[in-house]
S.K.: 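I am attaching a structure below and will ask some questions about it afterwards.
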Amino acid sequence: MADFNVVKGFLNIVLKTDIYAGFLKSEWNNASFGQTSLGAGKKVMVEYSSPNTNKPLHLGHVRNNLLGVSVANLYKAAGYEVVMANLVNDRGIHICKSMIAWQKFGNGETPESTGMKGDHLVGKYYVIFENALRDQTLPVIETAIAGNWTPEGDVAQTKYSAILGQLQKATEDKQIAKLKDDIKELVRNQSALMRETQQMLRDWEAGVPEVISLWKTMNAWVYSGFEKTYARMGVSFDQYYYESDTYKLGKDVVDEGLRNGVFYSKDDGSVWIDLREDGLDEKLVLRGDGTSVYITQDIGTADLKYQQHGVDQSIYVVGNEQDYHFKVLFLIMKKLGRPFASGMHHLSYGMVDLPSGKMKSREGTVVDADDLIQEMVNEAKAKTIELGKTEGLADEELSNLYESLGLSALKFFILKVDPRKRMLFNPQESIDFQGDTGPFVQYTYARIQSILRSASADASNASWQQGDINDQLQPLEIEAIQTLYRYSEEVNKACSESSPAVIAQYCIDLSRTFNRFYNECHIMREPDPIIKNTRLKLAHFTAHTLKHALNLLGIQVVERM
RNA sequence: GACCUCGUAGCUCAGCUGGAUAGAGCAACUGCCUUCUAAGCAGUAGGUCACAGGUUCGAAUCCUGUCGGGGUCGCCA
């Protein structure tokens with residue numbers, strides 16, 4: 001301790017600078033700096049992405065994927081063994097919509113014949129389906145809302161009358177809109193197009209060969225498209241699950257729960273769990289006809305994951321509109337006495353809003369992931385050319401640079417906000433490369449690399465890695481070292497909170513601290529060799545840490561920019 | 001209607017396991033490139049931390065209520 005003082009009841013202690021020098025000396029070249037042992041010996045599964053195979057990925061999926069990759073990286077850095085899983089939603093009515101539309105209007109189009117990315121082609125037919133359905137039902141919906149519609153079937157008739165009754169009494173705009181939507185849904189479900197689609201789903205479940213074959217073909221198109229997007233974003237998986245397999249799971253667990261008295265059946269044969277004592281509601285786990293619901297397969301899949309991988313923790317990266325579902329799922333697993341239940345965690349992230357409002361795929365107001373990435377890369381290129389920083393780089397190096405910068409801007413923009421919070425995506429701001437951005441952090445790294453290159457190019461500095469560390473440090477040097485010192489804690493914090501935002505904020509802190517030091521203290525021009533060597537080590541240490549931190553966010557560094 | 005969640009500078013966000021004058025970036029305005037990359041740095045201006053109570057020596061932070069945004073309450077996934 002060098003000094004202390006008391007201000008307003010606070011005891012301030014000033015540490016001697018050799019403490020910092022000692023830390024710098026022992027850690028500056030530690031290749032595993034940032035690696036912690038928080039989760040040593042533990043295994044965690046991170047399930048993320050979970051796309052539907054009827055349309056291309058959009059901005060919402062981008063947030064999901066970036067979070068998934070980054071959280072997996074955080075767990076690895078904290079010493080966990082990690083399994084990255086993708087549960088692909090490859091079956092259901094939404095898939096059949098694309099299939100029906102392609103059959104009707106596709107004229108045999110393929111990704112090859114059109115030059116379109118497979119997921120975009122299938123998505124195109126999903127939109128065509130929705131448009132056709134809208135055109136077909138629009139007039140009927142109007143008469144139905146007016147009360148002049150006759151649905152087919154007693155069930156629909158009863159439901160329609162009930163809604164009409166409520167509609168007459170309703171006063172609030174919101175409630176009226178909701179009831180009109182209900183009517184819309186009824187009409188849509190009775191349209192010829194939807195009946196055809198529902199029939200196709202039944203045929204799929206019955207295994208009708210032509211349907212299965214078309215399904216396989218179109219899904220393959222989608223997968224090849226997804227693969228390109230994943231590769232570009234740096235997304236990968238160790239384990240794939242397909243709902244066409246897992247939707248059958250869970251029924252035996254329902255039997256088990258019935259035997260244990262965790263579940264109970266009603267007169268119609270449907271199976272339920274009563275969660276009212278836990279502040280929730282009664283929840284259906286199996287239909288009266290013995291078929292599964294969403295949660296049935298999630299129960300089965302949870303068991304499957306544990307049997308296959310024996311994980312201690314299981315992270316579900318899923319949007320916050322499913323908060324209730326996961327609360328129920330985790331509670332069920334706990335009541336079933338599963339040992340892994342306490343390790344289940346829902347990483348519930350907020351929706352991404354656009355300045356124009358909400359994204360709706362049915363209405364086509366979505367930001368396509370591929371378009372978005374391309375725009376960011378184009379902007380990176382324009383900016384680099386504008387700044388005249390293309391000199392001395394080959395074409396291939398340049399295109400790698402643009403790719404890296406564009407993706408860095410996108411990833412950082414999305415990951416720097418707390419995952420739990422809803423975020424606004426403003427295209428103009430996201431494309432900014434100044435201030436709290438990915439390229440700003442990359443720039444700091446590239447600057448340091450430039451210094452280190454000239455240090456090793458200069459024969460008189462060849463031994464900078466051996467020399468002593470100066471004990472008498474400047475305030476800005478101390479600040480930089482203090483920031484570096486916090487890094488391991490930040491990694492642990494980010495991991496235990498499943499929040500890459502902690503690391504993103506840290507990247508900004510460290511970059512800003514270093515840049516201030518860089519501006520005030522010269523490195524290569526410093527005459528005292530010991531001070532110079534100390535600063536080179538500090539720069540090297542900073543660069544290494546920035547690289548580690550950026551990699552946690554799934555962002556690559558560039559050596560020059 | 002019930003439950004969950006968010007509300008901090010014009011805008012986008014930090015800070016939230018209670019502690020010192022509430023921090024950044026963008027936008028606006030001033031400076032700094034014949035010296036290691038100006039995608040940088042320094043500075044000015046901008047906030048009754050939605051509102052009202054409560055707990056506390058002390059509240060942006062914890063509790064209650066009100067208002068406002070979003071979400072969920074399907075034998076959809």
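Here is the naming used below: chain letters follow the sequence lines, and residue numbers restart at 1 for every chain. All of these numbers come straight from a predicted model, not from anything done at the bench.
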S.K.: Taking only residues at least two apart or on different chains, which pairs with a member in residues 277-291 of chain A satisfy salt bridge (Lys or Arg N to Asp or Glu O under 4.0 Å)?
M.R.: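 Residue pairs with at least one partner in residues 277-291 of chain A: A:Asp278-A:Lys335.
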S.K.: Give me syn or anti for B:C33, where syn covers glycosidic angles within 90 degrees of 0.
M.R.: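 Syn conformation for B:C33.
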S.K.: Does OP1 or OP2 of B:C36 have a side-chain N or O of A:Lys532 closer than 4.0 Å?
M.R.: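 Checking B:C36 against A:Lys532, no side-chain N or O comes under 4.0 Å of OP1 or OP2.
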S.K.: With a 4.0 Å cutoff (strictly under), does any side-chain N or O of A:Arg276 reach OP1 or OP2 of B:C73?
M.R.: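 It does not, given that no N or O in the side chain of A:Arg276 lies less than 4.0 Å from OP1 or OP2 of B:C73.
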S.K.: Please report the distance separating the C1' of B:U55 from the corresponding atom of B:G68, rounded so that it comes out in whole Å.
M.R.: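 My reading of the C1' atoms in B:U55 and B:G68 gives 26 Å.
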S.K.: Please measure how far the P atom in B:A77 lies from the corresponding atom in B:U72, and state the result in whole Å.
M.R.: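 B:A77 and B:U72 have their P atoms separated by 16 Å.
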S.K.: Report, one pair per line, the protein and nucleotides 31-33 of chain B atoms (nitrogen or oxygen only) whose separation is under 3.5 Å.
M.R.:
none

S.K.: Would you call the rings of A:His58 and A:His61 parallel, tilted or perpendicular, taking 30° and 60° as the class edges?
M.R.: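 Plane angle between 30° and 60°, so tilted.
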S.K.: With P as the reference atom in both, quote the distance from B:C49 to B:A2 in angstrom, rounded to an integer.
M.R.: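 After rounding to an integer number of Å, I get 30 Å for this pair.
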S.K.: Round to a whole Å and report the spacing from CZ of A:Arg516 to C1' of B:G43.
M.R.: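 Checked: the CZ to C1' distance equals 13 Å.
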S.K.: Rounded to the Å, how far apart are A:Phe412 CZ and B:A14 P?
M.R.: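 Spelled out: CZ on A:Phe412 to P on B:A14 is 12 Å.
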S.K.: For A:Tyr126, does the six-membered ring have the charged nitrogen or CZ of A:Lys55 within the cation-pi criterion, i.e. under 6.0 angstrom from the centroid and within 45° of the normal?
M.R.: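 Verdict for A:Tyr126: a cation-pi partner in A:Lys55.
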S.K.: What integer distance in Å separates A:Ile503:CD1 from B:A14:C1'?
M.R.: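 After rounding, the reported distance stands at 14 Å.
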S.K.: Name the closest nucleotide to the A:Asp323 side chain, picking from B:C26, B:C4, B:A14.
M.R.: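 So the nucleotide nearest the side chain must be B:C4.
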S.K.: Would you please determine if the base of B:C73 is stacked by A:Tyr324, with stacking meaning a centroid separation under 5.5 angstrom and planes under 30 degrees?
M.R.: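 A:Tyr324 ring does not meet the centre or angle cut-off for B:C73; no stack.
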S.K.: Which nucleotide wins on minimum distance to the side chain of A:Gln322, given the candidates B:G70, B:U72, B:A77?
M.R.: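 Of all the options, the side chain of A:Gln322 is nearest to B:A77.
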S.K.: Among the nucleotides B:C4, B:A77, B:C36, which one has an atom lying closest to any side-chain atom of A:Glu243?
M.R.: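 Nearest listed nucleotide: B:A77.
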S.K.: With rounding to the closest Å, how many angstrom separate the P atoms on B:G7 and B:A14?
M.R.: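 Here B:G7 and B:A14 have their P atoms 9 Å from each other.
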S.K.: Given B:G40, B:C4, B:C16, identify the nucleotide with an atom nearest to the side chain of A:Tyr443.
M.R.: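 For the A:Tyr443 side chain, the nearest candidate turns out to be B:G40.
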S.K.: To the nearest Å, how far apart are A:Lys327 NZ and B:G71 C1'?
M.R.: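 Rounded to the whole Å, the gap is 12 Å.
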S.K.: Checking only heavy atoms, does the side chain of A:Thr437 share a donor-acceptor pair with the base of B:A39 at less than 3.5 Å?
M.R.: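 Not at all, since no donor on one side and acceptor on the other fall under 3.5 Å apart.
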S.K.: Check whether the side chain of A:Asp436 and the base of B:C13 form a donor-acceptor pair under 3.5 Å.
M.R.: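 Absent.
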S.K.: Side chain of A:Met423, heavy atoms from C-beta onward: which of B:A77, B:C13, B:U37 has the nearest atom to it?
M.R.: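 The answer is B:C13, which lies nearest to the side chain.
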S.K.: Base, sugar-phosphate or nothing for A:Arg525? Non-hydrogen atoms, less than 4.0 Å.
M.R.: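 Result for A:Arg525 = base.
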S.K.: Hey, does A:Leu405 reach any base, or is it just sugar-phosphate, or nothing, if we go heavy atoms under 4.0 Å?
M.R.: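 A:Leu405: base contact, heavy atoms under 4.0 Å.
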S.K.: Under a plain distance cut-off of 3.5 Å, with no hydrogens placed, do A:Gln199 and A:Asp203 share a side-chain donor-acceptor pair?
M.R.: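 Yes - a donor-acceptor pair under 3.5 Å links their side chains.
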S.K.: Quick one about A:Asp509 and A:Thr483 (side-chain donor to acceptor, distance below 3.5 Å, no hydrogens or angles considered), yes or no?
M.R.: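 No, no side-chain donor-acceptor pair sits under 3.5 Å.
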S.K.: Taking B:U30 as the reference, what is the distance to B:G69 when you measure between their C1' atoms (whole Å, please)?
M.R.: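 Straight-line distance between the two C1' atoms is 38 Å.
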S.K.: Return the stems involving RNA chain B, sorted by first number, where pairs are Watson-Crick (N1-N3 with N6-O4 or O6-N4) or G-U wobble (N1-O2 and O6-N3), both under 3.5 Å, and runs are 3 or more long.
M.R.: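 Expected stems, ordered by start: B:1-7 with B:67-73, B:10-13 with B:23-26, B:28-32 with B:40-44, B:50-54 with B:62-66.
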S.K.: Atom CZ of A:Arg535 to atom P of B:U35: distance rounded to whole Å?
M.R.: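 Atom CZ in A:Arg535 sits about 19 Å away from atom P in B:U35.
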S.K.: Considering only atom P, compute the distance from B:A45 to B:G10 and round it to an integer number of Å.
M.R.: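 Each nucleotide's P atom is 16 Å from the other's.
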S.K.: Both A:Ser270 and A:Asp432 contact RNA chain B. Taking the nearest nucleotide for each, which residue is further toward the 5' end?
M.R.: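 On the 5' side of the pair lies A:Asp432.
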S.K.: Do A:Arg195 and A:Gln198 have side-chain N/O donor and acceptor atoms under 3.5 Å apart?
M.R.: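 Looking only at side-chain atoms, A:Gln198 and A:Arg195 do not form any donor-acceptor pair under 3.5 Å.
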S.K.: Does the structure place the NZ or CZ of A:Arg63 under 6.0 Å from the centre of the six-membered ring of A:Tyr349, at an angle of no more than 45° from the ring's axis?
M.R.: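 Judged by the rule, A:Arg63 and A:Tyr349 form no cation-pi pair.
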S.K.: From NE2 of A:His325 over to C1' of B:C4, roughly how many Å is that when rounded to an integer?
M.R.: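 The answer, rounded to whole Å, is 16 Å.
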S.K.: What is the distance, to the nearest angstrom, from the CE atom on A:Met351 to the P atom on B:C6?
M.R.: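 One finds 15 Å between P of B:C6 and CE of A:Met351, rounded.
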S.K.: How is A:Tyr518 classified with respect to the nucleic acid when contacts are heavy atoms under 4.0 Å: base, sugar-phosphate, or nothing?
M.R.: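 Since a base atom lies under 4.0 Å of A:Tyr518, the category is base.
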S.K.: Report yes or no: do A:Gln322 and A:Tyr294 form a side-chain donor-acceptor pair below 3.5 Å?
M.R.: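 Side-chain D/A pair, A:Gln322 to A:Tyr294: present.
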S.K.: Answer yes if the side chains of A:Asn54 and A:Ser98 hold a donor-acceptor pair under 3.5 Å, and no otherwise.
M.R.: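 No.
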S.K.: Under 4.0 Å, heavy atoms only, any strand: does A:Asp509 hit a base, just the sugar-phosphate, or nothing?
M.R.: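 Contact class for A:Asp509: none.
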S.K.: Checking contacts here: which listed nucleotide (B:A14, B:U37, B:C75) is nearest the side-chain heavy atoms of A:Leu284?
M.R.: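 Nearest to the side chain of A:Leu284 among the choices is B:C75.
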S.K.: So, OP1 or OP2 of B:A14: does either fall under 4.0 Å of a side-chain N or O from A:Lys421?
M.R.: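 Yes, A:Lys421 has a side-chain N/O under 4.0 Å of OP1/OP2 on B:A14.
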S.K.: Looking only at the side chains, is there a donor atom on one of A:Asn320 and A:Arg422 sitting less than 3.5 Å from an acceptor on the other?
M.R.: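 There is no such pair between these side chains.
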S.K.: Mind checking A:Phe440 for me? I need base, sugar-phosphate or nothing, with any heavy atom below 4.0 Å counting as a touch.
M.R.: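 Sugar-phosphate contact only.
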S.K.: Output the single nucleotide from B:A39, B:G70, B:U72 whose closest atom is nearest the side chain of A:Arg422.
M.R.: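 Nearest nucleotide to the side chain: B:G70.
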S.K.: Identify which nucleotide among B:G25, B:U35, B:C13 has an atom closest to any side-chain atom of A:His522, counting heavy atoms from C-beta outward.
M.R.: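 Comparing B:G25, B:U35, B:C13 against the side chain of A:His522, the answer is B:U35.
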S.K.: Is there side-chain contact between A:Val88 and A:Phe226, with heavy atoms separated by less than 4.5 Å?
M.R.: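 A:Val88 vs A:Phe226: side chains apart.
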S.K.: Give the intermediate values and the outcome of side chain to side chain contact (heavy atoms under 4.5 Å, CB included) for residues A:Met376 and A:Leu407.
M.R.: CA-CA 7 Å; A:Met376 299 298 285; A:Leu407 278 156; over 6 Å; no
S.K.: For A:Leu424, answer base if it contacts any base atom (sugar-phosphate contacts may also be present), sugar-phosphate if it contacts only those atoms, and nothing otherwise; contact means non-hydrogen atoms under 4.0 Å.
M.R.: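 Result for A:Leu424 = sugar-phosphate.
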S.K.: Could you check how far CD1 of A:Ile414 sits from P of B:C13, rounded to whole Å?
M.R.: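 Interatomic distance, CD1 of A:Ile414 to P of B:C13: 12 Å.
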S.K.: Between A:Asp436 and A:Arg512, does at least one N-O distance fall below 4.0 Å, as a salt bridge requires?
M.R.: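 Looking at A:Asp436 and A:Arg512, the cut-off is met.
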S.K.: By nearest atom, which of the nucleotides B:C76, B:C41, B:U37 is closest to the A:Lys389 side chain?
M.R.: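 Nearest to the side-chain atoms of A:Lys389, counting from C-beta on, is B:U37.
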S.K.: Is the shortest side-chain N/O distance from A:Ser454 to OP1 or OP2 of B:C36 below 4.0 Å?
M.R.: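 No.
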S.K.: Quick one: on RNA chain B, does A:Phe425 or A:Pro439 contact a more 5' nucleotide (nearest heavy atom)?
M.R.: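 Residue closer to the 5' terminus by nearest nucleotide: A:Phe425.
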S.K.: Nearest to the side chain of A:Arg560, which nucleotide is it out of B:G7, B:U37, B:C13?
M.R.: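 Among B:G7, B:U37, B:C13, the one nearest the side chain of A:Arg560 is B:U37.
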S.K.: With P as the reference atom in both, quote the distance from B:G1 to B:G65 in angstrom, rounded to an integer.
M.R.: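 Straight-line distance between the two P atoms is 15 Å.
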S.K.: Within 45° of the ring axis of A:Trp464 and under 6.0 Å from its six-membered ring centre, is that where the NZ or CZ of A:Lys532 lies?
M.R.: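 Geometry flag: not set, cation outside 6.0 Å or 45°.
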S.K.: Taking only N and O in the side chain of A:Arg512, is any of them less than 4.0 Å away from OP1 or OP2 of B:G25?
M.R.: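 Yes, A:Arg512 has a side-chain N/O under 4.0 Å of OP1/OP2 on B:G25.
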S.K.: When you compare B:C41 with B:C3, how far apart are their P atoms, in angstrom units rounded to a whole number?
M.R.: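 It comes out at 48 Å once rounded to the nearest Å.
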S.K.: Under 4.0 Å, counting only non-hydrogen atoms across every strand here, what does A:Thr384 touch: a base, just sugar-phosphate, or nothing?
M.R.: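 It contacts base atoms.
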